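This report concerns only the one structure given below.
None of the values given here were measured: they were computed from a predicted structure.
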Number of protein chains: 2
Amino acid sequence: MKNVRLKDIAKRLDLTKVSVSKALRDHSDISEETKKRVKEMAQKMGYRPNLVARSLTSKKSQTVGVIVPKIAHSFFSSVIEGIYQAALESEYEVILGVSMEDDKLERKHIESMLDMRVEGLLISVSEKTGSVENFDLVKGMDTQLVFFDRGFTGSDYTYLKVEDRGGARKGVRHMTEQGYEKIAHLSGYLSVEIGKDRRLGYEEAMSAAGLEVDRNAIVEAGFSEDDGYKGFAKLMEQYGKPEAVFCATYPVGLGALQYMKDHDMDPAEIAILAFGSSEFNQYLAHPFICIDQSTFEMGYSAFERLIMEIESEDGVPPELISLQTRILNKEDMV
Amino acid sequence: MKNVRLKDIAKRLDLTKVSVSKALRDHSDISEETKKRVKEMAQKMGYRPNLVARSLTSKKSQTVGVIVPKIAHSFFSSVIEGIYQAALESEYEVILGVSMEDDKLERKHIESMLDMRVEGLLISVSEKTGSVENFDLVKGMDTQLVFFDRGFTGSDYTYLKVEDRGGARKGVRHMTEQGYEKIAHLSGYLSVEIGKDRRLGYEEAMSAAGLEVDRNAIVEAGFSEDDGYKGFAKLMEQYGKPEAVFCATYPVGLGALQYMKDHDMDPAEIAILAFGSSEFNQYLAHPFICIDQSTFEMGYSAFERLIMEIESEDGVPPELISLQTRILNKEDMV
DNA sequence: TCGGAAACAGAAAACGTTTGTGGAAAAAAG
DNA sequence: CTTTTTTCCACAAACGTTTTCTGTTTCCGA
């Protein structure tokens with residue numbers, strides 16, 4: 001009753017394990033009659049195929065690895081949900097690893113996953129990962145690699161990212177169209193690609209609207225809540241109160257909000273436009289206007305793309321895929 | 001350079017694959033000298049052990065499966081983070097499956113995971129899973145099963161849950177001690193264990209404080225945001241405005257809050273006590289008082305426990321483990 | 001100088017599958 | 001009837017490891 005193998009079924013039916021294997025997989029070698037007998041016996045004996053043995057012979061693990069910097073963060077958990085939705089519709093299992101923003105740990109995960117012979121890897125790189133060399137290991141193996149959200153533009157791998165520059169432009173234009181003029185910007189670190197791109201989008205939209213791009217209206221804050229808090233403080237000091245502020249990320253927006261609360265400012269007076277979104281947005285006393293990154297779709301598409309690369313016979317050239325953003329206003333909050 | 005096997009290393013060094021295998025694992029059969037040579041060659045050739053082959057012979061996959069109803073939900077993503085933290089400190093990889101609150105899908109995941117020969121399963125059951133029979137499959141295999149958060153009390157498996165009744169009691173007592181008297185309750189479904197237990201705790205704390213348990217002050221709402229919205233509406237109708245309301249879950253609290261916003265009520269006038277918590281709580285105009293379930297710890301402990309059961313030689317009796325809650329006030333919000 | 005232990009390495013078998021080849025009997029075609 | 005084809009199944013080998021068993025040297029003490 002326990003740990004039934006093909007051999008055990010075979011013995012009971014006076015067949016060989018090979019025939020049983022074939023019968024279970026509906027191979028044409030086997031008669032309908034026999035197939036039926038085999039399947040019934042397998043059921044009765046509680047047979048469960050051993051996928052690790054199968055992987056060994058077939059050289060296919062039907063498994064992909066996913067590595068993210070963190071989980072308890074609405075952006076990633078939503079992307080992951082997209083990944084899992086796509087996985088569900090595929091025949092692959094998913095091994096998830098969390099790098100906790102650490103390149104050494106990221107590397108460790110890659111190694112284990114390669115050793116497990118995953119057929120593909122879906123990675124959003126850690127903050128600390130300096131270069132694409134961290135992934136050279138993959139080259140020696142029959143494993144496809146696809147980056148999502150955070151990756152390397154010039155690499156040999158497909159990379160799905162949001163269209164930062166265009167998204168920022170769209171968001172800021174939305175504000176100018178509403179009549180806002182004194183629009184400040186708490187940017188991300190300019191050393192990071194998305195920080196730079198979002199800022200470029202901001203500048204472009206301001207210029208396009210015929211508004212001056214005031215150096216003092218821009219503060220290089222960072223990406224976290226804490227960065228937002230400090231950045232907003234600096235902004236108040238060097239620029240004064242804006243009508244609206246474009247924040248590089250949702251958490252940065254939260255930090256700014258916190259500053260206002262702590263300093264008895266009325267959040268109603270300053271509109272916040274944030275890159276990113278959160279399902280909690282509607283509960284804020286004054287919800288942000290969000291440049292939504294369609295996180296779920298990113299996960300879903302990234303997974304689909306990876307499988308495509310795995311299953312393609314003769315290699316797919318790597319692509320840089322930019323996903324469109326959309327503006328979430330109060331009205332169309334979920 | 002690609003797909004190097006023990007045999008390949010052996011050939012280059014004029015050894016057998018067995019010796020190479022032993023050398024790499026520091027077996028005492030092999031001289032230090034040879035070990036060094038082997039390791040260097042392995043490194044040079046880019047050897048990566050094949051864990052699926054290893055699993056097959058050792059009958060240990062060093063892998064556990066985790067099944068949760070959903071991911072993009074702060075409760076679960078935080079528990080998962082705890083699980084991953086514990087996994088990191090262990091030698092096991094984690095395969096994650098999402099049941100999307102569906103028992104059929106849950107079952108499908110269990111089957112695949114068993115077929116992959118995971119050594120253990122960590123499950124928070126779906127809403128739809130009626131009985132523990134959904135897990136009978138596990139019995140036939142060498143796989144340990146541990147429930148967390150949602151599980152079955154009378155089963156043959158260890159179950160880690162939060163101490164709902166005591167937590168609710170503690171929370172409500174906290175309110176009565178602050179002087180609140182008209183405390184209403186939006187409960188979860190009473191058919192569900194945690195719904196019933198939290199309500200019992202509420203009633204006990206009210207009685208203990210010498211306050212009347214008013215039937216009209218209790219509405220059986222549910223667990224979601226939507227349930228909270230409707231439940232609060234009903235409460236207003238049948239009971240009127242309370243001084244405080246104890247919500248069965250954090251989302252229920254959000255629903256109630258939304259109702260207030262939609263009906264021009266001042267959220268400041270009604271304190272919300274919620275079972276559960278959220279990292280966004282501090283950004284609400286009037287943060288909830290939370291009965292925190294120490295989600296991270298639950299994930300961490302559940303994983304630890306599972307590994308313990310896997311590695312114990314001669315079976316561990318199943319346990320019902322209750323985790324303590326703690327009250328999060330505005331002051332000690334992170 | 002002998003006996004025995006320690007150090008080192010190889011051979012064979014096993015883990016549970018799948019794939020490929022071969023072959024006997026039955027069925028179809030001539 | 002023979003020949004050919006088809007149907008059905010068995011056998012052997014392979015996937016990349018680890019484990020157990022066996023064997024050869026070397027080294028040491030008596």
Next on the checklist: Can you work out whether B:L56 or B:I30 has the more 5'-proximal nearest nucleotide on DNA chain C?
Outcome noted: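 The residue whose closest nucleotide sits nearer the 5' end is B:I30.
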
Round to the nearest Å and state the distance from [X] atom [atom1] to [N] atom [atom2].
X: B:N3; N: D:dC15; atom1: CG; atom2: C1'; result: 12 Å
X: A:L15; N: D:dC8; atom1: CG; atom2: C1'; result: 11 Å
X: A:D26; N: D:dC8; atom1: CG; atom2: C1'; result: 15 Å
X: B:R117; N: C:dG16; atom1: CZ; atom2: P; result: 9 Å
X: A:E33; N: D:dC8; atom1: CD; atom2: P; result: 10 Å
X: A:R5; N: C:dT18; atom1: CZ; atom2: C1'; result: 17 Å
X: A:D142; N: D:dC15; atom1: CG; atom2: C1'; result: 14 Å
X: B:M116; N: C:dT17; atom1: CE; atom2: P; result: 15 Å

Checklist outcome for this item: Read 5' to 3' with Watson-Crick or G-U pairs under 3.5 Å, [ ] for crossing pairs and | for partners on another strand, DNA chain D gives ||||||||||||||||||||||||||||||

Would [X] and [Y] pass as an ion pair if we require N to O under 4.0 Å?
X: A:D102; Y: A:R107; answer: no
X: A:K35; Y: A:E40; answer: no
X: A:E319; Y: A:R305; answer: yes

Next on the checklist: Under a 3.5 Å distance rule, please check whether B:E309 uses its side chain to pair with a backbone N or O of B:Q144 as donor and acceptor.
Outcome noted: no

Item to check | Non-neighbouring partners of A:T153 that pass side-chain hydrogen bond (donor to acceptor under 3.5 Å, both in side chains), sequence neighbours left out | outcome: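 Residues passing side-chain hydrogen bond (donor to acceptor under 3.5 Å, both in side chains) with A:T153: A:E193.
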
Next on the checklist: Just to be sure I understand the rule, does A:L51 reach a base, reach only the sugar-phosphate, or reach nothing, if contact means heavy atoms closer than 4.0 Å?
Outcome noted: nothing

Next on the checklist: Does A:D14 reach a base, just sugar-phosphate, or nothing at all? Heavy atoms under 4.0 Å.
Outcome noted: sugar-phosphate

Item to check | Pairs where residues 47-62 of chain B contributes a residue and the test side chain to side chain donor-acceptor pair (under 3.5 Å) is met, not counting sequence neighbours | outcome: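 Output for this query lists A:D115-B:R48.
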
Item to check | Closest listed nucleotide, where the reference is the side chain of A:K59 and the choices are C:dG10, D:dG16, C:dG16 | outcome: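 Shortest atom-to-atom distance from the side chain points to D:dG16.
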
Item to check | Minimum-distance nucleotide to B:A53 side chain [options: D:dT17, D:dA10, C:dC15] | outcome: D:dT17

Checklist entry - If only side-chain N and O atoms of B:T34 are considered, is one of them under 4.0 Å from the OP1 or OP2 phosphate oxygen of C:dC8? => result no

Checklist entry - At under 4.0 Å, does any side-chain N or O of A:T16 touch on OP1 or OP2 of D:dA10? => result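 A:T16 to D:dA10 OP1/OP2: side-chain N or O found under 4.0 Å.
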
Next on the checklist: Enumerate the ring pair (Phe, Tyr, Trp, His ring centres under 6.0 Å) contacts for residues 23-45 of chain A, please, sequence neighbours excluded, ordered by first and then second residue.
Outcome noted: none

Item to check | ring pair (Phe, Tyr, Trp, His ring centres under 6.0 Å) contacts touching residues 74-122 of chain A (sequence neighbours left out) | outcome: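 Sorted pair list: A:H73-A:F76.
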
Next on the checklist: Between A:F303 and A:F148 (judged by ring centroids, cut-off 6.0 Å), do the two rings come close enough to count as a pair?
Outcome noted: no

Next on the checklist: Across nucleotides 18-27 of chain D, 5' to 3', mark each nucleotide with B, S or - according to how protein heavy atoms within less than 4.0 Å reach it.
Outcome noted: BBBB------

Item to check | Test log, rule salt bridge (charged side-chain N to carboxylate O under 4.0 Å, His left out), inputs A:K36 and A:E32 | outcome: CA-CA 6 Å; A:K36 189 157 161 265; A:E32 286 307 321; over 6 Å; no

